[in-house]
Amino acid sequence: MPKPKVIIAKLGLDGHDRGAKVIARALAEAGFEVVYTGIRQTPSQVVETAIQEDAKLIGISILSGSHMELVGELMRIMKERGVNIPVLVGGIIPPEDRDALLKMGVAGVYGPGTPLKEIIDIVKKLVGVVQ
């Protein structure tokens with residue numbers, strides 16, 4: 001049985017990717033196939049990668065403060081392209097923006113200090129991996 005594939009991406013001009021790399025490694029060690037797109041991706045690049053890779057989930061790491069605009073654009077493009085997979089967002093997200101991101105259709109928002117086990121468990125749940 002193939003490993004579920006997840007995309008980990010950094011949107012916009014944010015160049016800090018330590019958190020994204022930690023999440024990517026933890027998911028790989030938990031049995032996922034991880035495609036890390038690197039820094040400075042556009043929403044359309046991330047959606048195209050998810051389509052090409054037949055990904056089961058997109059994880060966005062963002063620290064730049066432009067999460068509302070960039071994630072909103074990502075969700076809009078996904079809808080236009082018929083991509084119906086969960087999106088998780090992690091990084092420095094103000095509490096007042098969490099609800100707005102969830103209303104956009106994001107499956108979850110996680111900040112610094114979230115235990116890796118919690119993230120792995122939610123990804124397993126969202127992609128249908130039996131635990």
Side-chain angles (χ1 to χ4, degrees):
M1 184 168 165
K3 296 178 181 182
K5 192 177 291 188
V6 299
I7 304 296
I8 302 295
K10 297 287 296 179
L11 290 178
L13 299 177
D14 182 3
H16 184 280
D17 66 348
R18 183 179 301 176
K21 288 178 177 176
V22 168
I23 297 299
R25 178 151 188 161
L27 290 172
E29 289 177 359
F32 293 91
E33 183 176 344
V34 178
V35 176
Y36 174 56
T37 63
I39 61 174
R40 299 184 179 92
Q41 297 293 298
T42 67
S44 59
Q45 287 172 316
V46 173
V47 173
E48 188 60 35
T49 300
I51 292 167
Q52 289 176 2
E53 296 289 345
D54 192 26
K56 303 303 178 204
L57 181 134
I58 296 172
I60 299 296
S61 171
I62 194 159
L63 302 169
S64 66
S66 57
H67 50 276
M68 297 301 292
E69 296 82 8
L70 291 170
V71 173
E73 180 73 2
L74 176 87
M75 300 306 288
R76 183 188 65 75
I77 294 168
M78 286 177 63
K79 185 176 183 179
E80 285 177 1
R81 300 281 311 266
V83 177
N84 187 23
I85 61 174
V87 174
L88 296 177
V89 178
I92 306 297
I93 310 294
E96 60 271 16
D97 291 345
R98 290 176 185 267
D99 286 340
L101 288 168
L102 294 171
K103 286 178 184 171
M104 283 181 198
V106 169
V109 179
Y110 300 90
T114 303
L116 290 175
K117 181 177 180 346
E118 182 179 335
I119 293 168
I120 291 165
D121 289 345
I122 191 67
V123 171
K124 285 180 177 179
K125 179 181 176 187
L126 289 170
V127 302
V129 172
V130 178
Q131 298 185 17

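Side chains are part of it too, since the values below use all heavy atoms of this structure and drop only hydrogens, waters and symmetry mates. Counting from 1, the numbers follow the sequence of the chain as shown. Predicted model, so just to flag it, every value in this text is computed and none were measured.
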> Hey, which of L88, V46, V89 is the one that makes side-chain contact (heavy atoms from CB on, under 4.5 Å) with I58?
Replying inline: V46
>> Pair V123, V129 - check side-chain contact (heavy atoms from CB on, under 4.5 Å), show working.
In response: CA-CA 8 Å; V123 171; V129 172; over 6 Å; no
> Can you tell if the side chain of P43 reaches within under 4.5 Å of the side chain of R76, non-hydrogen atoms only?
Replying inline: no
>> Check for me, please, whether I122 and I8 land in the same ILVMFWY cluster - side-chain distances under 4.5 Å, paths through other members count.
In response: yes
> Is there a side-chain contact between K5 and D54, using heavy atoms and a 4.5 Å cut-off?
Replying inline: no
> Same cluster or not: are L63 and Y110 linked, directly or through other Ile, Leu, Val, Met, Phe, Trp or Tyr residues, by side-chain heavy atoms under 4.5 angstrom apart?
Replying inline: no
> Are side-chain heavy atoms of L70 and E73 found at a separation under 4.5 Å?
Replying inline: no
> At what distance, to the nearest 0.5 angstrom, does NE2 of H16 lie from CD1 of I39?
Replying inline: 11.0 Å
> Do you know which two heavy atoms are closest between V47 and M78, and how far apart they sit?
Replying inline: CG2-CG, 3.6 Å
> Mind checking whether I23 and S61 have side chains closer than 4.5 Å, heavy atoms only?
Replying inline: no
>> Could you walk me through whether F32 and L57 satisfy the side-chain contact (heavy atoms from CB on, under 4.5 Å) test, starting with their C-alpha distance in whole Å, then the side-chain angles of each, then the deciding distance to 0.1 Å, before giving a yes or no?
In response: CA-CA 11 Å; F32 293 91; L57 181 134; over 6 Å; no
> If you measure from CZ on R98 to NZ on K103, what distance do you get to the nearest 0.5 Å?
Replying inline: 15.0 Å
>> Please find the pair of heavy atoms, one from G72 and one from M104, that lie closest to each other, and give the distance.
In response: CA-SD, 3.6 Å
> Should I7 and Y36 be regarded as members of a common hydrophobic cluster, given that ILVMFWY residues are connected when their side-chain heavy atoms come within less than 4.5 Å of each other, either directly or indirectly?
Replying inline: no
> Looking only at heavy atoms, which two atoms of G91 and P112 are closest? And how far apart?
Replying inline: O-CD, 3.4 Å
>> Working to the nearest 0.5 angstrom, can you tell me the gap between L101 CG and H67 NE2?
In response: 5.5 Å
> K10 versus T37: any side-chain heavy-atom pair under 4.5 Å?
Replying inline: no
> Would I51 and I60 show up in the same hydrophobic cluster when neighbours are defined by side-chain heavy atoms closer than 4.5 Å?
Replying inline: yes
> Are I85 and L74 connected in a single hydrophobic cluster, I mean Ile/Leu/Val/Met/Phe/Trp/Tyr linked by side-chain heavy atoms less than 4.5 Å apart?
Replying inline: yes
>> If I compare all heavy atoms of K56 with all of P86, which pair ends up nearest, and what's the gap?
In response: O-CD, 3.2 Å
> Of all heavy-atom pairs between P4 and V127, which one has the smallest distance, and what is that distance?
Replying inline: CB-CG2, 4.1 Å
> Considering all heavy atoms of both residues, which atom of V34 and which atom of A24 are nearest to each other, and what is their separation?
Replying inline: CG2-O, 3.5 Å
>> Looking only at the side chains, is there a donor atom on one of Q45 and T42 sitting less than 3.5 Å from an acceptor on the other?
In response: yes
> So do the side chains of V35 and V6 get within less than 4.5 Å of each other, counting heavy atoms only?
Replying inline: no
>> Before you tell me yes or no, could you show the steps for K125 and D121 under salt bridge (charged side-chain N to carboxylate O under 4.0 Å, His left out), namely the whole-Å CA-CA distance, both residues' side-chain angles and the distance that decides it to 0.1 Å?
In response: CA-CA 6 Å; K125 179 181 176 187; D121 289 345; over 6 Å; no
